[in-house]
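The structure under discussion appears below in the form of structure tokens.
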Amino acid sequence: MKKRMLQIDVFSDAPLLGNPAAVIFDADDIPTAIMQRIAREMNLSETVFLLSPTGEADYRARIFTPANELPFAGHPTIAAAHAWCQDRDIQSRTLTQECGIGLVPIRIDSGLYTMTQPTPQFREAAVSKADLASMLALPHEALAVSPHQIVSTGVPWLLLELRDTAALGALRPDFGKIDSLCNMLGAAGLTVFADKGHVSSPRLRLRTFAPGEGVAEDPVCGSGNGAVAAWIATQRDATVAGSYLAEQGVEMGRRGLVHAAWETRQDGLEITVGGMACIVLRGELDLGNLNTTV
């Protein structure tokens with residue numbers, strides 16, 4: 001079995017920045033267990049497999065971390081769309097991805113891929129600020145006074161605001177404690193952020209930790225940024241619509257830029273997250289001597 005594959009850096013238009021994702025083409029005949037093993041082999045935050053759609057979508061995507069399959073994730077969604085469009089020399093259009101959460105619309109305009117994420121869901125997090133500060137090795141005063149919550153726009157993240165970007169750079173996460181807490185709370189991981197204010201661009205800086213998914217720190221997290229955008233829209237900027245630019249991956253040397261926006265519609269808050277993408281590797285996955293019993 002041989003499959004064409006790409007590695008794509010997402011949330012960057014330059015290579016070796018942003019967040020890399022592997023994209024495997026024509027994956028209809030790859031068993032689920034083998035998909036998981038391939039994702040472990042790639043050892044990236046996510047590996048995405050392109051399959052034939054079951055309905056009206058342009059393609060179907062299955063998304064795996066090194067440890068688990070996810071119903072949705074942001075940066076592999078952009079990677080999948082970029083791979084599909086590059087295969088067809090498409091520069092601008094709207095397409096639809098089918099994945100575990102259903103249909104995800106993606107707008108492509110001059111190299112910017114913007115996905116509409118699911119309607120946000122909010123839950124209170126049964127954990128104290130003191131415990132959160134402890135698991136990040138930060139003094140309590142490094143945390144902002146704003147509420148921490150679990151927010152999902154397809155993937156649930158425990159969100160915590162810090163006072164400034166200096167605190168973001170100084171934190172030292174205890175991955176074992178983060179894993180245990182997020183498992184107890186039903187969250188994929190912890191996303192921390194600092195808001196530099198409306199006059200700054202980028203306005204926000206983020207870091208995301210998901211040790212339970214086999215990802216100690218995710219360089220740039222699309223679903224985490226969607227959750228933070230929903231938090232900003234409800235906790236800070238009570239406007240009908242808004243947008244900002246965010247950065248993530250600075251501390252890892254993989255800075256990426258995320259375009260986040262929201263709009264209040266009749267059926268709820270609509271969150272969009274967008275970014276650029278570039279191909280850094282083209283190759284072939286060769287599974288000719290694969291032992292499927294291991």
Could you walk me through whether T96 and E56 pass the side-chain hydrogen bond (donor to acceptor under 3.5 Å, both in side chains) test, one step at a time?
-> CA-CA 8 Å; T96 303; E56 297 301 315; over 6 Å; no
Can we say K2 and D26 salt-bridge, meaning some charged N sits less than 4.0 Å from an Asp/Glu carboxylate O?
-> no
Mind listing the closest non-hydrogen atom pair of G214 and A67 along with its distance?
-> N-CB, 4.0 Å
Run through the side-chain heavy atoms of Ile, Leu, Val, Met, Phe, Trp and Tyr, join any pair under 4.5 Å, and report what else lands in L257's cluster.
-> L245
Got a second to check how far F11's CZ is from C278's SG, nearest 0.5 Å?
-> 12.5 Å
Do the ring centers of F64 and F49 come within less than 6.0 Å of each other?
-> yes
Mind checking side chain to side chain donor-acceptor pair (under 3.5 Å) for T77 and listing every partner two or more places apart, or none if nothing turns up?
-> Q97
Check whether any side-chain heavy atom of V280 sits under 4.5 Å from a side-chain heavy atom of P20, and report yes or no.
-> no
Flag side-chain contact, heavy atom, 4.5 Å: L287 against I38 = yes
So, for A21 and P76, which heavy atoms are closest and what is the spacing to 0.1 Å?
-> CB-CA, 4.4 Å
S128: partners by side chain to side chain donor-acceptor pair (under 3.5 Å), with sequence neighbours left out = D131
P118 to I101 - nearest heavy-atom pair and separation = CG-CD1, 3.2 Å
When clusters are formed from ILVMFWY side-chain contacts under 4.5 Å, directly or step by step, what else is grouped with V199?
-> none
Single-linkage hydrophobic cluster L103~F72, side-chain heavy atoms < 4.5 angstrom = no
State plainly whether one hydrophobic cluster holds both V23 and M35, where clusters connect Ile, Leu, Val, Met, Phe, Trp and Tyr through side-chain heavy atoms under 4.5 angstrom apart.
-> no
Between V151, L204, D195, which is the residue that forms a side chain to side chain contact (heavy atoms under 4.5 Å, CB included) with V228?
-> L204
Considering only heavy atoms from C-beta outward, does the side chain of D29 approach that of M1 to under 4.5 Å?
-> yes
Salt-bridge present (E247, K196; N to O < 4.0 Å) | yes
Count the heavy atoms of every other residue, nucleotide or ligand shown that sit under 6.0 Å from CZ of R282, and state whether that count exceeds 12.
-> no
Nearest 0.5 Å, what's the OH-CG distance between Y244 and D237?
-> 9.0 Å
What about Y113 and H82, are their ring centers closer than 6.0 Å?
-> yes
How would you list all residue pairs meeting side chain to side chain donor-acceptor pair (under 3.5 Å) that involve residues 152-162, not counting sequence neighbours?
-> Q117-T153, S146-E161, W157-S223, E161-R236
K129 (side chain) donor-acceptor with P147 (main chain) under 3.5 angstrom | no
Under a 4.5 Å side-chain heavy-atom rule over Ile, Leu, Val, Met, Phe, Trp and Tyr, are L44 and L16 clustered together?
-> no
Applied to residues 162-185, the side chain to side chain donor-acceptor pair (under 3.5 Å) test, sequence neighbours excluded, yields none
Does the ring centre of W231 sit less than 6.0 Å away from the ring centre of F193?
-> yes
Atom CZ in R40, atom CD1 in I34: separation rounded to 0.5 Å?
-> 9.5 Å
Do V258 and I106 sit in the same hydrophobic cluster, where Ile, Leu, Val, Met, Phe, Trp and Tyr count as joined when their side-chain heavy atoms come under 4.5 Å apart?
-> yes
Please collect all salt bridge (Lys or Arg N to Asp or Glu O under 4.0 Å) contacts where either partner lies in residues 58-84, sequence neighbours excluded, each pair once.
-> D58-R93, R62-E69
Does some side-chain heavy atom of N19 sit less than 4.5 Å from a side-chain heavy atom of D9?
-> no
Under-4.0 Å salt bridge between E284 and K3 | no
R88 side chain vs W84 backbone, donor-acceptor pair below 3.5 Å | yes
Rounded to the nearest 0.5 Å, the CD1 atom of I108 sits from the OG1 atom of T114 at a distance of 9.0 Å
Which ILVMFWY residues can you reach from F175 by hopping between side chains whose heavy atoms are under 4.5 Å apart?
-> V127, L132, M135, L136, L138, L143, I150, L158, L160, L162, L168, L171, I178, L181, M184, L185, L190, V192, F209
Measure from the side-chain N and O atoms of T239 to the backbone N and O of A241, and report whether any donor-acceptor pair falls under 3.5 Å.
-> yes
Using the test side chain to side chain donor-acceptor pair (under 3.5 Å), find all partners of T54 that sit at least two apart in sequence or belong to another chain.
-> E98
Can we say R254 and D218 salt-bridge, meaning some charged N sits less than 4.0 Å from an Asp/Glu carboxylate O?
-> no
Given side-chain contact (heavy atoms from CB on, under 4.5 Å), test Q248 with C221 step by step and report yes or no.
-> CA-CA 8 Å; Q248 192 171 358; C221 183; 4.2 Å; yes
Where do E217 and T208 land on the side-chain contact (heavy atoms from CB on, under 4.5 Å) test, with the steps shown first?
-> CA-CA 6 Å; E217 180 167 1; T208 295; 5.9 Å; no
Other hydrophobic cluster members with M252, side-chain heavy atoms of Ile/Leu/Val/Met/Phe/Trp/Tyr under 4.5 Å, chained?
-> none
Contact check, side chains of L70 and T65, non-hydrogen atoms, under 4.5 Å | yes
Over all heavy atoms of both residues, which pair between I8 and A277 is shortest? Give the atoms and the distance, please.
-> CG2-CB, 3.9 Å
Report whether L290 and F25 are members of the same hydrophobic cluster (ILVMFWY, side-chain heavy atoms less than 4.5 Å apart, transitive linking).
-> no
Any idea which heavy atoms bring A80 and L50 closest together, and the distance?
-> CB-CD2, 3.7 Å
Hey, can you pull the donor-acceptor pairs under 3.5 Å for the side chains in residues 263-276, sequence neighbours left out?
residue : atom : partner : partner atom : Å
T264    : OG1  : V240    : O            : 3.3
R265    : NE   : E270    : OE1          : 3.1
R265    : NE   : E270    : OE2          : 3.3

Heavy atoms from other residues, nucleotides or ligands near CZ of R203 exceed 12 (cutoff 6.0 Å) = yes
Looking only at heavy atoms, the pair that brings I24 and M5 closest together is CD1-CB, 3.6 Å
Could you state the interatomic distance from CE (M115) to CZ (R107), rounded to the nearest 0.5 Å?
-> 11.5 Å
Set of residues satisfying side chain to side chain donor-acceptor pair (under 3.5 Å) with respect to R4, sequence neighbours excluded | D87
CD on E46 to NE2 on H75, rounded to 0.5 Å = 5.0 Å
